[in-house]
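The structure appears right after this line, and notes come after that.
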Amino acid sequence: MGYVLLLLATLSWSFVGILVKTASMMLDSMTITFMRFALGVVFLGGFLWIKRHPIKIRFDMKWIWLGAAGKCCNYFFENIALSIGYSYGNILVTPIQTIILLVVSAVWLKEKLTVRAWAAALLCIAGVLLISWNGLPLALLLQGGAWTTVLYAISGLGTAFHVLSQRMLIKEMDAGNMNFSVFLWCSLLMALPLPFQASLTGPVGLYPILALALLGVITGLSFYWFSQALRVVSFPVAVIISNCGVLFSILWSYLFFREPITEYILGGAAIFVVGLLVLNLPMRPAKVRQAGGLEASDGR
C-alpha cells in the first residue's frame, strides 16, 4: 500500500503544471491560487473527518503564519509562471528550493554542510541554468526568456520558507492538522485581494473546472499520502520515485499541449535530478528520515 500512496503522490505532483495551465484558460493566477488552497482545505478536512481524525485549527504560532505566507508565495508565483510559460516549467521549483534551503541551513541555522551537499547544489544550479537557457540566443533570453525562471525562483523561495515552518511545526503538531491549519490561513490570505483582482481570462468550461477540482485534491491529500508512504517505503526508494515526477511532468506537457521538449530541457532535468539524488540518497536515522520526507513532500 505504501508504494501505491507514493505513486499517487508523485503522479499528482506531475500533473500540477498541465492542470494550472488548463485552469488559467478560465481564471487569473490569483483566483487559481485561492481555489487551490480553499478546495485543498475542503478535501483534506473531509478526508480527516472520514478517518475520524480530530481537527484542531492553530493560529497562535508564528511558524503557522510564516509557512502560510511562504506557501502563498510559492503557489501564486508558480501559477503566474505556468500561465505564461510551458506547463512543465514548475520542475524548476524543487531544485531552486533545494539550493535556498542549503544556503539557509549554512547561514542561518549554522549547520555544517558536507562536500556532497554543495556538489548536489551545484548540479541543481547547472540543471536550472540549462533549462532556463534552453538554447536561446542571448538577445531573446534577455527579452523575456528568463522571466519565468525569476518567477519560479520567487516561488522556490516561498516553498523553502514553508518547508522551514514544517520543520518547526512537526515537533508540536501532526501532519494532518499542520497542513489543514496552514492551508486554511493560506486560503483566507489569498481571499483578501480577490474582490479587486479576480477576473475571467476566458469562457467558463468543464475542463478548467475539473482542473481546479483536481488541484484541490492534490493540495489537500498528496502531502498526506507521501508522509504515510514513508512509513513503509525506504527513504532512498521514495526519493527516486518522487523525483521521477519531473519526467512525468515533461511527458504530460508534450502529450496534452504538444509543447516542445528540447535536448536542453531533458539534459537539465537529468542533471538536477542527479543533484537531488546525490543530496538525499544517503540513509539517515528513522526519525530524521520521517521529518525529511515531510519536508520533501511540501516543496511541490
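For reference, positions follow the sequence shown, starting with 1. This is a predicted model, so every value here is computed, not measured.
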When rounded to the nearest 0.5 angstrom, what distance separates [atom1] in [X] from [atom2] in [Y]?
X: Cys124; Y: Leu92; atom1: SG; atom2: CG; value: 11.0 Å
X: Thr33; Y: Lys71; atom1: OG1; atom2: NZ; value: 11.5 Å
X: Tyr88; Y: Lys21; atom1: OH; atom2: NZ; value: 10.0 Å
X: Thr98; Y: Leu276; atom1: OG1; atom2: CG; value: 4.5 Å
X: Phe226; Y: Leu8; atom1: CZ; atom2: CG; value: 13.0 Å
X: Trp65; Y: Cys72; atom1: CH2; atom2: SG; value: 10.0 Å

Hey, are the side chains of [X] and [Y] touching, using non-hydrogen atoms and a 4.5 Å cut-off?
X: Tyr264; Y: Ile131; value: no
X: Glu78; Y: Val20; value: no
X: Leu215; Y: Leu39; value: no
X: Leu169; Y: Arg58; value: no
X: Lys51; Y: Tyr224; value: yes
X: Met168; Y: Met61; value: no
X: Thr201; Y: Met25; value: no
X: His53; Y: Asn177; value: yes

Does [X] have any ring-ring contact (aromatic ring centres under 6.0 Å, His included) partners at least two apart in sequence or in another chain, and if so, which?
X: Phe257; answer: none
X: Phe161; answer: none
X: Trp63; answer: none
X: Trp49; answer: none

ILVMFWY cluster, [X] and [Y] together (side-chain gap under 4.5 Å):
X: Ile32; Y: Phe196; answer: no
X: Leu255; Y: Phe248; answer: yes
X: Leu214; Y: Trp13; answer: yes
X: Ile50; Y: Ile218; answer: no
X: Ile18; Y: Val217; answer: yes

Cluster membership besides Leu122, Ile/Leu/Val/Met/Phe/Trp/Tyr side chains within less than 4.5 angstrom, sorted by chain and number, is none
Kindly give the cluster partners of Ile125, where membership spreads through any ILVMFWY side chain lying under 4.5 Å from a current member.
Ile99, Leu129
Considering non-hydrogen atoms only, spot the tightest contact between [X] and [Y] and give its length.
X: Ala160; Y: Ile100; value: CB-CG2, 3.7 Å
X: Gly205; Y: Pro208; value: O-CD, 3.4 Å
X: Ser253; Y: Ser87; value: CB-OG, 3.1 Å
X: Leu82; Y: Val16; value: CD1-O, 4.5 Å
X: Ser181; Y: Met173; value: OG-CE, 4.0 Å
X: Ile271; Y: Gly127; value: CG2-N, 3.7 Å

Hey, does the side chain of Thr159 reach the backbone of His162 with a donor-acceptor pair shorter than 3.5 angstrom?
no
Quick check: does any side chain N or O of Ser83 sit under 3.5 Å from a backbone N or O of Ile80, one acting as donor and the other as acceptor?
yes
By side chain to side chain contact (heavy atoms under 4.5 Å, CB included), which residues pair with [X], not counting sequence neighbours?
X: Ser199; answer: Asp28
X: Ala106; answer: Leu113, Trp118
X: Ala229; answer: Leu5, Leu6
X: Val232; answer: none

Phe47 atom CZ: more than 12 heavy-atom contacts under 6.0 Å
yes
Near Phe15 CZ, under 6.0 Å, is it more than 12 heavy atoms from other residues, nucleotides or ligands?
yes
Would Arg36 pass as a cation-pi partner of Phe34, given that its NZ or CZ must be under 6.0 Å from the six-membered ring centre and within 45 degrees of the axis?
no
Under the side-chain contact (heavy atoms from CB on, under 4.5 Å) criterion, do Ser187 and Leu184 qualify, and how do the steps go?
CA-CA 5 Å; Ser187 63; Leu184 175 64; 4.2 Å; yes
Run the side-chain contact (heavy atoms from CB on, under 4.5 Å) test on Ile64 and Phe59 for me, step by step, so that the C-alpha distance in whole Å, both residues' side-chain angles and the decisive distance to 0.1 Å come before the verdict.
CA-CA 7 Å; Ile64 288 282; Phe59 61 87; 5.7 Å; no
N/O donor to acceptor pairs below 3.5 angstrom from side-chain atoms of residues 150-158, sequence neighbours left out:
residue: Tyr152; atom: OH; partner: Asn90; partner atom: N; Å: 3.3
residue: Ser155; atom: OG; partner: Asn74; partner atom: O; Å: 2.7
residue: Ser155; atom: OG; partner: Asn74; partner atom: ND2; Å: 2.7

Side-chain donor-acceptor pair under 3.5 Å between Ser222 and Ser12, yes or no?
no
Under 3.5 Å, is there a donor-acceptor pair between the Trp252 and Ser14 side chains?
yes
For Ser165, all residues meeting side chain to side chain donor-acceptor pair (under 3.5 Å), sequence neighbours excluded
none
Mind running side-chain contact (heavy atoms from CB on, under 4.5 Å) on Phe256 and Thr22 for me, showing each step along the way?
CA-CA 10 Å; Phe256 286 91; Thr22 302; over 6 Å; no
What verdict does the side-chain contact (heavy atoms from CB on, under 4.5 Å) test give for Val273 and Leu247, after you've listed the backbone C-alpha separation in whole Å, the side-chain angles of each residue and the deciding distance to 0.1 Å?
CA-CA 9 Å; Val273 165; Leu247 304 179; 5.6 Å; no
